[in-house]
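Whatever order the structure lists ligands and atoms in, that order sets their numbers, starting from 1. Predicted model only: the values in this text are computed from it and were never measured.
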Amino acid sequence: MSTFEFHTTKSIIVERDAALNLAARVQAMHCKSVLIVTDSGVLGAQLLDRALANFELQQIAVSIFSEVLADPPESVIYAGIAAAKAANADCIIGFGGGSSMDVAKLIALLAGSDQSLAEVYGVNQAQGPRLPLILVPTTAGTGSEVTAIAIVTTGENEKKGVVSPILLPDIALLDARLTLGLPVAVTAATGIDAMVHAIESYTSKRLKNPISDALAKDALRLLSANIHTACEHPNNIQARENMLLGACLAGMAFANAPVGGVHALAYPVGARFHVPHGLSNSLMLGPVLRFNMSEAEALYAELAQVVYPAASGTSFRCATMLIEFLQNLPAELGIATRLRDVGISKRNIPALAEDAMKQSRLLINNPREIQLNDAIALYKEAL
Ligand SMILES: NC(=O)c1ccc[n+]([C@@H]2O[C@H](COP(=O)([O-])OP(=O)(O)OC[C@H]3O[C@@H](n4cnc5c(N)ncnc54)[C@H](O)[C@@H]3O)[C@@H](O)[C@H]2O)c1
Ligand SMILES: [Fe+2]
């Protein structure tokens, strides 16, 4: 076995109604003033209401920053840092999907350190210290609560990542009740994003290791077995809990054995056309997996056994079953299936492909090398 390292969030709490105990968690960290970082959708869904009452009882001051936008731009991070300073916050809570959690990570980091946002882009540039940080996911998708990454949209349509173990929160708190009201389209797209995390981690050319493999397999098992139920019966708490846990396990896996080509080609779709992260991954999934078959067939066949425990036959047949399962999901769950459904046309492809080539951080993990002409062909196939 080759040498490897594995890092994750040190406390992970899985508890229905855990949100009610948020104030007690903050109290236990000896903090007196929290900034809750969220977006208008989460606020509108009234998910914070019950949590807030208990802060008053514990005499902990609470400020809410709800200006997070999907695929957060730099301006949102600056506004959040200002809000944290104005509130004299000594604890940050990220409460929402990947966008809110990523913004919370960066506010916690930059409100407590002398570095600027520009100085922390890239790998291991952040020096800290950061403020105490609790992350509470309300989508079952990104796994951001267990990843050492925060993603920011810079300028018009480029994304940059801050990657540092300092970004792992002190506590990840998984309360499936918070996901019961998640709209079907968001449930489907974020759930597929989580599956892509598991699959790309399992087939990662770099840093794949036995712990990430075990997590990726169990994540895919939970996600594939529950995504239909979660979409068709949104109030099924058991299915929601399995999705939330599956997304978290997939997050642990890809935080250590990173994602590849699907994400590299999905990012430009999200950045240029404001397509939600999960949906853009879902749109590129089929073409990239088929492209990877020549290098990853055996690994896809292993994953097929997770989705279909009775799968048998050649490795090609099993791998194809996995790809078909994933390829059929968007139509079955009622979300867009083609790039043209989200306003992309043939003339957009050269720019998308050029942007994808800039995602070298991700492309190096893909089991098969993707060159510019491959990227063009993959976007054409997804059109
Ligand atoms: N840090 C990481 O490891 C990582 C990994 C993948 C993606 N990302 C980033 O995460 C972001 C995507 O996150 P996401 O897919 O979770 O979406 P999101 O956070 O953008 O949320 C999507 C929408 O769902 C709404 N919503 C969230 N929870 C809800 C609930 N329980 N009920 C009703 N509405 C709810 C939000 O208001 C929002 O409108 C992107 O910015 C992406 O770049 C980060
Ligand atoms: Fe993702």
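Between Phe254 and His263, the ring-plane angle classifies as parallel under the 30° and 60° cut-offs.
Near Asp39, meaning under 4.0 Å from any of its heavy atoms, are these atoms of ligand 1: 36 (C), 37 (O), 38 (C). Proximity to Thr139 (heavy-atom distance under 4.0 Å) selects the following atoms of ligand 1: 16 (O), 27 (C), 28 (N). In summary, the atoms of ligand 1 found under 4.0 Å from a heavy atom of Phe254, numbered by their order in the structure, are 3 (O), 5 (C). Listed by atom number, the atoms of ligand 1 under 4.0 Å from Ile149 heavy atoms are 1 (N), 2 (C). Using a 4.0 Å cut-off to heavy atoms of Gly41, the atoms of ligand 1 that qualify are 37 (O). Every atom of ligand 1 with a heavy atom of Leu47 under 4.0 Å away is listed here by number and element: 30 (C), 31 (N). With ligand atoms numbered from 1 in the order given, ligand 1 contributes 1 (N), 2 (C), 3 (O) to contacts under 4.0 Å with heavy atoms of Thr147. If you number the atoms of ligand 1 from 1 as listed, the ones under 4.0 Å from a heavy atom of Thr190 come out as 15 (O).
Within the 4.0 angstrom cut-off, atom 25 (C) of ligand 1 has no protein heavy-atom neighbours. In this structure, atom 9 (C) of ligand 1 has a protein heavy-atom contact shorter than 4.0 Å.
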Give the C-alpha distance, both sets of side-chain angles, the deciding distance and a yes or no for side-chain contact (heavy atoms from CB on, under 4.5 Å) between Leu363 and Asn366. CA-CA 5 Å; Leu363 290 170; Asn366 199 57; 5.6 Å; no
Which is it for Asp341 and Arg338 under the salt bridge (charged side-chain N to carboxylate O under 4.0 Å, His left out) test, yes or no, and what are the steps along the way? CA-CA 5 Å; Asp341 299 339; Arg338 314 229 42 111; over 6 Å; no
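The closest approach between Lys159 and ligand 1 falls below 4.0 Å for a heavy atom of the residue. Residue contacts with ligand 1 do not include Gly44, since none of its heavy atoms lies under 4.0 Å from the ligand. Within the structure, the closest approach of Lys105 to ligand 1 falls below 4.0 Å when heavy atoms are considered.
Here the heavy atom of the protein found nearest to atom 7 (C) of ligand 1 is His277 NE2, 3.4 Å. Nearest protein heavy-atom contact of atom 18 (P) of ligand 1 is Ser99 OG, 3.5 Å. Among all protein heavy atoms, the one lying closest to atom 13 (O) of ligand 1 is Gly98 N, 3.1 Å. For atom 31 (N) of ligand 1, the nearest protein heavy atom (residue, atom name, distance) is Leu178 O, 2.8 Å. Nearest protein heavy-atom neighbour of atom 44 (C) of ligand 1: Asp102 OD2, 3.2 Å.
Under the 3.5 Å distance criterion, the side-chain polar atoms of Asn242 are left unmatched by any main-chain donor or acceptor of Leu222. Under a 3.5 Å cut-off, the side chain of Asn236 and the backbone N or O of Ala230 do not form any donor-acceptor pair.
Put simply, CG on Leu215 and CE on Met252 are 6.5 Å apart, with the number rounded to the nearest 0.5 Å.
For the residue pair Asp193 / His277, a side-chain donor-acceptor distance below 3.5 Å is found, with atom types taken as modelled. For the residue pair Asp102 / Ser144, a side-chain donor-acceptor distance below 3.5 Å is found, with atom types taken as modelled.
The heavy atom nearest to atom 22 (C) of ligand 1, out of those in Val186, Leu279, Leu182, is found in Val186. For atom 33 (C) of ligand 1, the nearest non-hydrogen atom from the set Pro258, Pro183, Ala266 belongs to Pro183. Here atom 28 (N) of ligand 1 lies nearest to Thr138 when heavy atoms of Leu43, Thr153, Thr138 are compared.
For Val103 against Ile77, the heavy-atom pair with the smallest separation is CG2-CD1, 3.9 Å. In this structure, Ala104 and Ile93 approach most closely via the heavy-atom pair CB-C, 4.3 Å. Contact between Pro210 and Phe4 at its shortest, heavy atoms only, is CD-CE2, 3.5 Å. Nearest heavy atoms, Pro287 versus Ala382: CG-CB, 3.9 Å. Residues Ile60 and Ala23 come closest through the heavy atom pair CD1-O, 3.6 Å.
With a heavy-atom cut-off of 4.0 Å, Phe95 does not touch ligand 1 at all. The proximity of Val68 to ligand 1, defined as any non-hydrogen pair under 4.0 Å, does not occur for either the backbone or the side chain. Under 4.0 Å from ligand 1, heavy atoms of Asp71 appear from its side chain as well as its backbone.
Excluding waters, the protein N/O/S atoms found under 2.8 Å from the Fe ion (ligand 2) are Asp193 OD1, His197 NE2, His263 NE2, His277 NE2.
Geometrically, ligand 1 and Gly143 share no nitrogen or oxygen pair separated by less than 3.5 Å.
A cation-pi arrangement is absent between Lys217 and Tyr202, since the terminal nitrogen or guanidinium carbon is not both under 6.0 Å from the aromatic centre and inside a 45° cone about the axis. Geometric assessment of Lys159 against the ring of Tyr267 yields a negative cation-pi assignment under the 6.0 Å and 45° thresholds.
Across Ile134, Ile12, Leu133, a single residue satisfies side-chain contact (heavy atoms from CB on, under 4.5 Å) together with Pro169, and that is Leu133.
Applying the side chain to side chain contact (heavy atoms under 4.5 Å, CB included) rule to Ala255 yields the partners Thr147; only residues at least two apart in sequence or on another chain are considered.
The neighbour count for Arg347 CZ, taken as heavy atoms of other residues, nucleotides or ligands under 6.0 Å away, does not exceed 12.
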